[in-house]
Amino acid sequence: MIITEAKLRQVVTRMLGRAGSSAYEAEVVTDHLVRANLTGHDSHGVGMLPTYMRNLNKGILKPNQHPELAKDSGNIMMYDGLEGYGQVQAKEAMAGAIARAKESNLVLMTLRNSHHIGRIGTYGEMAIEAGLISIHFVNVVDHGPTVAPYGGTQARFVTNPVCIAIPGTSQTKAILLDMATSKIALGKARVAKNKGVPVPDNSVIDAEGLPTNNPNVLFEEPQGSLLPFGDYKGTGLALVCEILAGALSGGGTIQPGNKRRGGTTNNMFTVIVKPDALVDYSYLNYEIDELVRYVKDTPAQLETGPVRIAGEPERLAFAERSQAGISLEQSTWEQIIEAAQSIGFAASEIEQILAP
Ligand code: NAD
């Protein structure tokens, strides 16, 4: 089904409000999820709501929390997300760190113990808007592993994302590299399963460690695994995400001595830099403009071309989906309705909102 952005926002805001969120929280979470769909990342869009409602019903997602600044030593800010909606915890922690970085040029911020913070690019976009560079390493805990380390047949990590955001210039759009360390995000496999389509080659192995294109192996026992991107390089990055985001935030790594309640908890390690503390903008912007022009100025490969800069596919998807509406496959929609019902939000109320 195709649903307009405005109607989808209404459904999600009302659902979160019914699930106990304040109007503010419902709006922040809705905005994040709908923008994830608009930027082409359905894996981190409204299709996450069934997981959120399940965790809320289990008591491992707590509405209306604000991050607590557990340690503040000037350039180092350590927040605790108190198991609240990650979209609120990470947004507020970033806002605090951005304000500090504007004064002090450099901030290291950690966030632990937050429910799923969603699309990490959202926080890179906040830095870009403030004219700052941000670097984020994230791990995922309280959840069974889903990604096999290079060379292994059993999962040992979740999809530990990395994001680097660099503001644009008057000629060049912002650069937003925002990626899972697995070949594909788990949510993308969920979307493929719901659509009944295969996952790309070399992205998944079954429980025996054999390559497969069947996304179902990730959601049944014995469980298969996602593969890392870039072979051992992806595994290396996933490992350092565990230590930077998990151990240094105090939130913990995925090692099996830590709790696994079947939730989705994110920890994040973020560095924010004010670029003109290092070089003049005239120099930096000239280098960015000339570099990006050079990188893009090559004839396109038939299969993968033309050359795109990180962040460009999301901008293209946003422009298209804001006009055409958001397409949700039937089974994702059915799961959302079922999740709504689990918190007492009737399907008939949703139909009323959707009525022309
Ligand atoms: P992806 O593979 O679609 O894109 C990764 C990066 O590559 C993006 O920066 C994108 O702009 C860039 N890109 C895509 N196509 C390109 C091309 N042709 N040329 C140049 N650059 C290109 O993203 P993903 O790895 O599937 O991750 C999806 C989302 O999932 C991200 O927003 C990530 O933050 C999120 N995520 C979150 C969690 C969590 O625990 N909260 C875990 C994993 C992933």
Side-chain angles (χ1 to χ4, degrees), residues 29 32-33 35-45 47-48 51-52 55 61 81 85-87 89-91 94 111-126 128 134-143 145-147 157-166 168 173-192 199-200 203-204 215 226-230 234 237-238 241-242 245-246 249 251 254 263-270 292 295-296 298 300-318:
V29 178
H32 183 119
L33 295 177
R35 284 179 66 87
N37 286 108
L38 288 171
T39 49
H41 292 293
D42 292 332
S43 55
H44 287 70
M48 287 305 297
T51 303
Y52 293 0
N55 291 346
L61 161 58
Y85 277 98
Q87 287 82 358
Q89 310 312 305
K91 181 179 178 174
M94 271 303 285
L111 172 67
R112 65 175 175 245
N113 207 14
S114 170
H115 192 260
H116 190 235
I117 63 177
R119 180 182 160 251
I120 313 306
T122 308
Y123 313 111
E125 284 164 356
M126 287 177 73
I128 286 170
S134 68
I135 303 170
H136 311 260
F137 294 88
V138 177
N139 82 332
V140 192
V141 292
D142 203 14
H143 194 291
T146 53
V147 183
F157 299 107
V158 187
T159 49
N160 293 357
V162 173
C163 173
I164 301 177
I166 300 177
K173 302 269 191 221
I175 298 166
L176 184 62
L177 175 65
D178 173 27
M179 53 177 228
T181 48
S182 50
K183 193 91 184 263
I184 57 169
L186 182 64
K188 292 207 169 127
R190 186 193 72 230
V191 171
V199 288
S203 58
V204 172
L226 293 166
L227 288 172
F229 91 96
L237 265 184
C241 281
E242 289 296 334
S249 72
I254 196 158
T264 308
T265 299
N266 278 138
N267 302 301
M268 177 161 75
F269 175 98
T270 294
V292 169
V295 170
K296 290 195 76 132
T298 146
Q301 270 190 37
L302 273 184
E303 272 193 29
T304 56
V307 173
R308 303 238 184 259
I309 298 298
E312 200 178 327
E314 286 75 11
R315 274 195 299 277
L316 293 171
F318 190 89

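Residues take their numbers from the sequence shown, with the count starting at 1. Order of appearance sets the numbers: ligands from 1, and atoms from 1 within every ligand.
- Under 4.0 Å from ligand 1, heavy atoms of A180 appear from its side chain as well as its backbone.
- With a heavy-atom cut-off of 4.0 Å, I120 touches ligand 1 through backbone and side chain alike.
- Looking at I184 against ligand 1, nothing comes within 4.0 Å, counting heavy atoms.
- Taking all heavy atoms of V295, T304, D178, V158 into account, the minimum distance to atom 8 (C) of ligand 1 is reached by D178.
- Residue, atom and distance of the protein heavy atom nearest to atom 42 (C) of ligand 1 are T159 OG1, 3.2 Å.
- The existence of a salt bridge linking E314 and R35 is excluded, since no basic side-chain nitrogen approaches an acidic carboxylate oxygen closer than 4.0 Å.
- Residue-level proximity to ligand 1 for R308 is carried by backbone and side chain together, each with a heavy atom below 4.0 angstrom.
- Only the side chain of H44 comes within 4.0 Å of ligand 1, counting heavy atoms alone; its backbone N, CA, C and O stay farther away.
- Side-chain contact check for H116 and Y52: at least one donor-acceptor pair (N or O, by modelled atom type) lies under 3.5 Å.
- Residue-ligand proximity: V138 is placed with every non-hydrogen atom at 4.0 Å or more from ligand 1.
- In this model, a donor atom of one side chain and an acceptor atom of the other lie less than 3.5 Å apart for T304 and Q301.
- In the candidate list G86, A245, G118, S182, G118 is nearest to atom 41 (N) of ligand 1, counting heavy atoms.
- Side chains of H115 and N55: a donor on one and an acceptor on the other come within 3.5 Å.
- Taking every heavy atom of K188 and a limit of under 4.0 angstrom, the matching atoms of ligand 1 come to 1 (P), 3 (O), 23 (O), 24 (P), 26 (O), 28 (C).
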